[in-house]
Amino acid sequence: MRDLSGGPRVLLKRLRELMAEPLEPQERLDRIVRQIASNMVAEVCSVYVLRSDGVLELYATEGLNREAVHLAQLKMGQGLVGTIAASAAPLNLSDAQSHPAFRYLPETGEEIYHSFLGVPILRAGRSLGVLVVQNKASRNYRDEELEALETTAMVLAEMIATGELKKLTKPGLELDLTRSVTIDGDTYNEGIGLGYVVLHEPRIVVTNLLNDDADKEIRRLAEALGSLRISIDDLLSQRDVSMEGEHREVLETYRMFAHDQGWVRKLEEAIRNGLTAEAAVEKVQSDTKARMMRLTDPYLRERMHDFEDLANRLLRQLTGYTGRTSGDGFPADAIILARAMGAAELLDYPRANVRGLVLEEGAVTSHVVIVARAMGIPVIGQAAGIVALADNGDAVIIDSDGGHVHLRPLPEHQRSYEEKVRFRARRQEQFRALRAVEPLSKDGQRVSLQMNAGLLVDLPQLSESGAEGIGLFRTELQFMIASTLPKAEEQEQFYRNVLKQAAGRSVTFRTLDIGGDKVVPYFRGHEEENPALGWRAIRLSLDRPGLLRTQLRAMLKAAAGMELKLMVPMVTEVSEITAVRELLQKEVQRLSRFGHGLPRKLQFGAMLEVPALLWQLDELMAAVDFVSVGSNDLFQFSMAVDRGNARVSDRFDTLDKPFLRILRDIVRAGERNNTPVTLCGELAGKPISAMALLGIGFRSVSMSPASIGPVKAMLLGLDVGALSKAMHEALDDTTTPTSMRELLAHFAETHNIPL
Ligand code: PEP
Ligand code: MG
């Protein structure tokens, strides 16, 4: 065996020349394998490429029977080649035939070769094929030879990824890279979107693979590593991450990787073998990823993401990448794919072009999801592994009604979703036409249809949906998406903006409802075993009166000269309302003492979410100007089902008699006491349940803006008097089954009411 010192460099130099020559793809591949075989003094060198049907097809060979090219094939996981592709790990064997996975392919004539070295052709940790060298003599290939073959495999990965080999695929077959895949995740916001992939953290495509001067590249690497380390230290020393918490942990991990000598050594070795600094980062990243993907320990797999992020940062340093160019090249129909994302980053995208958001992580309650919901974008989370499988510009469909993401969809998928989207658009058009129509039932009952909101991005929907006002403004959202506690002036400015954009329509602000599932990063209480029943909302506000008074003051100042409607969440006892009223009075006095303008009218309300209030209804109605039923929480506490736990949250029907009777009692108490009652939970947003609410006496409801159209369409066709009669009879009847859903559906069907 010839001494290989300088071997890989010579080989890469020759490959570079071959890549530059104007050759047909098959000819180029043939010459590449010949070159590798001769450089590595191997009798055989072969390339297998993975097809979308999971088959590895022999694409070129030097040494094996040439007739077998494009005929010899192995399934993923089958034989040595299939094992390498499936495990994304090399195999180095002195006696290939004694390996349990060995499989003899008679057409290739490979039985005479004993030693075998095969490496996966990797891109972003994913196998695209396998590169093999074989020798007759029984021998063990050295580490440098393995390294050289891996480096060479990168060149082939590039050929596959750029589509150069497409011409060689048999008609009707595709390469694996373009395979259609469906990934299932969790629905965080419903809807369907068709478009093209925009990777939030764009993968840097390294086109400059081979270096001329290894020392120069090592210097470039050292510089980039130096700046990377400094930038991480800078981030760590910033005030808002210097506390304990997840963010800090991630950065600490970055720092650990950035100083890891093993990593740096591998990078330098790849450069010495002929790669540019950026190609070396990509190679080591791909190898590490392939290795780590096989780990089952979730903690270590999580660290893989951190490592990837770090390698991407380094790549950006080396290639001088300065960020996404907005405008040009941004698809008109963009579906954004990210591992995770901050809320502010989503707001940076051109809203009109974003058709969907897919996250590998996330939770319904994460900030970016809250913002995406406010923007009305379909969202799927927990879509494991999608970022690695996708490329910028790939066609993609997000179906968050079913929780699927179809990447590079098949034509029939594409067609059926296009039809769905057209159907939805037609319905939206019909709803839009109802915007200016008076919300009157068929028998002349007027119903106030309001919308829920929480961010400024929600406000345009007020006129788009035709809502009468904002029945619930969740003020905690401003706190949840901020990295530090919003200052008094920021809160005031924010409320002022909301009122300004509402342009005279009424806005009901709810005071901070944090705690429970609403996590504010800089305001952490103690770990709680039952956070939904814990220190949250009004309880927290009364224990931290400074926080509440600041908010009340900001609202009072922002609404100077206008009407201010505000309400408090999660009230359990009437005494809590009295306590907040006292604080409010103090703030009013304080402001007038200092000569500030005050709201023209003040309306003070309470949310009814805790069942204990049901036995204080008359006291409650007397203590406030209005009551708003938070049906999400009231249902969760009444039925003892965690609203965030999909296993139980739908176990009982909101339209069964018990819950409807509770709601009816509340309406009756309001009528008795002349106190307006409204409802602002999700229940109001579904036409069938909104219909039930009207039947038991509600004349005001607040819902997500997208629901206003469908609910109004239902209202216009409804004879409320007739429905009320039927519902009261059924609710008073203790001998019939508890479900009211059937009665409601039947009523709608026989009266031609669109649900
Ligand atoms: C509710 O509980 O119904 C409600 C409207 O409040 P939130 O969903 O914000 O808890
Ligand atoms: Mg609530």
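Counting starts at 1 for both ligands and their atoms, following the listed order.
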> Looking at F431, is K712 sitting on its ring face, NZ or CZ under 6.0 Å from the six-membered ring centre and within 45 degrees of the normal?
no

> Please examine the side chains of L613 and I666, heavy atoms only from C-beta on, and report whether any two atoms are closer than 4.5 Å.
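No, their side chains stay 4.5 Å or more apart.
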
> Please determine, by modelled atom types, if T475 and Q551 share a side-chain donor-acceptor pair under 3.5 angstrom.
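A pair is found: one side chain offers a donor N or O, the other an acceptor, under 3.5 Å apart.
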
> So K565 and E563, do their side chains get closer than 4.5 Å, heavy atoms only?
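A side-chain contact under 4.5 Å exists here.
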
> How would you list, by chain and number, the residues with a heavy atom under 4.0 angstrom from ligand 1?
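Lining ligand 1 at under 4.0 Å, by heavy atoms, one finds L472, R474, R510, D513, K518, M607, E609, G630, S631, N632, D633, R643, C680, G681.
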
> On the 0 to 90° scale, with breaks at 30° and 60°, tag the H200-Y349 ring pair as parallel, tilted or perpendicular.
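The rings of H200 and Y349 sit tilted, inter-plane angle from 30° to 60°.
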
> How about the Mg ion (ligand 2), which protein N, O or S atoms come within less than 2.8 Å?
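Less than 2.8 Å away from the Mg ion (ligand 2) sit E609 OE2, D633 OD2.
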
> Working to the nearest 0.5 angstrom, can you tell me the gap between R474 CZ and D458 CG?
9.5 Å

> Is there side-chain contact between T678 and F698, with at least one heavy-atom pair below 4.5 Å?
no

> Testing the 3.5 Å rule here: is there a donor-acceptor pair between the side chains of H728 and R664?
yes

> Go through the side-chain N and O atoms of D633 and Q636 and say whether any donor and acceptor fall under 3.5 Å apart.
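Yes, a side-chain donor-acceptor pair sits under 3.5 Å.
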
